[in-house]
Amino acid sequence: PPGSCRAFWGWLNAVFNKVDHERIRAVGPDRAASEWLLRCGALVRYQGSPKWQQDYNGLPTGPLGKYKIEAINATDSCIMYRGFDYLDGLEHVTDIKLEKCMYIQDQCLQRLSETNNLQKSLQQLKIISCGNVTDKGIIALHKLRNLEYLYLSDLPGIKQKETTCRVLQQALPNLELELDLE
């Protein structure tokens, strides 16, 4: 029946985003988050490596905690709020790109901003073509106190661009804010 295929993919994506706290304890936060992100179609880059990891089966092995996620590229991925607990233990993420992420919404950005480790480490964030993001979600990013660069593009949910930018700039005076919004 019409719509059943969409419902199936929505269910499958929710399964991919289910957090396994036991797995996090067993393999460490960076490995568990890598598995989650790659399962959902995102890419990760580890500290000291120029190469993006994209193959789930090719994840590097080694001692617990050897590979630390430095950057996340979630372009066209199915990451959603449900999986954001995987971000809690990541201490070295400096760069996140969310592009064409259909499940990213204000609640996700608020959760991102409230993640203690990301408040300390995240320096660059790009949010592009995420149709469910509104002014409320962008304003929620004000807690990312070390954010140096924020790029916003093709976000039709942003209705009060000037006000939203002013609030962010007041909260984060060192932020370079680049906009490509209608």
- prompt: Can you tell which of L177, I138, L181 makes a side-chain contact (heavy atoms from CB on, under 4.5 Å) with T164?
  reply: I138

- request: Please check if any side-chain donor atom of T115 sits under 3.5 Å from a side-chain acceptor atom of N117, or the reverse.
  value: no

Worked verdict on N73 versus V44 for side chain to side chain contact (heavy atoms under 4.5 Å, CB included): CA-CA 6 Å; N73 181 343; V44 296; over 6 Å; no

query: Is any side-chain N of the basic residue among K143 and E114 closer than 4.0 Å to the acidic one's carboxylate O?
result: yes

- prompt: Mind checking what makes salt bridge (charged side-chain N to carboxylate O under 4.0 Å, His left out) contact with D106, not counting sequence neighbours?
  reply: none

- request: Give a yes-or-no answer on whether the side chains of S34 and Y46 include a donor-acceptor pair shorter than 3.5 Å.
  value: yes

query: Of all heavy-atom pairs between V93 and S121, which one has the smallest distance, and what is that distance?
result: O-OG, 2.6 Å

- prompt: Under the side chain to side chain contact (heavy atoms under 4.5 Å, CB included) criterion, do R31 and Y67 qualify, and how do the steps go?
  reply: CA-CA 7 Å; R31 173 66 187 217; Y67 295 95; over 6 Å; no

task: Please round to the nearest 0.5 Å and tell me the distance separating atom CD of Q170 and atom SG of C165.
output: 11.5 Å

- prompt: Hey, is D85 close enough to R111 for a salt bridge, meaning N to O under 4.0 Å?
  reply: yes

statement: The side-chain contact (heavy atoms from CB on, under 4.5 Å) partner of Q53 among L37, L43, L59 is L59

message: Strictly below 4.0 Å, N to O, side chains only: are R166 and E162 in salt-bridge contact?
response: no

Note: K126-E99 ion pair, threshold 4.0 Å (strictly below): no

task: Please report the closest heavy-atom contact between K161 and I158, naming both atoms and the distance.
output: CA-CG2, 4.0 Å

field: Within 6.0 Å of CD in E178, more than 12 heavy atoms from elsewhere
entry: yes

statement: Smallest heavy-atom separation, V27 atom then A32 atom, equals CG2-N, 3.8 Å

message: Below 30° counts as parallel, above 60° as perpendicular, anything between as tilted: where do the rings of W36 and Y86 land?
response: parallel

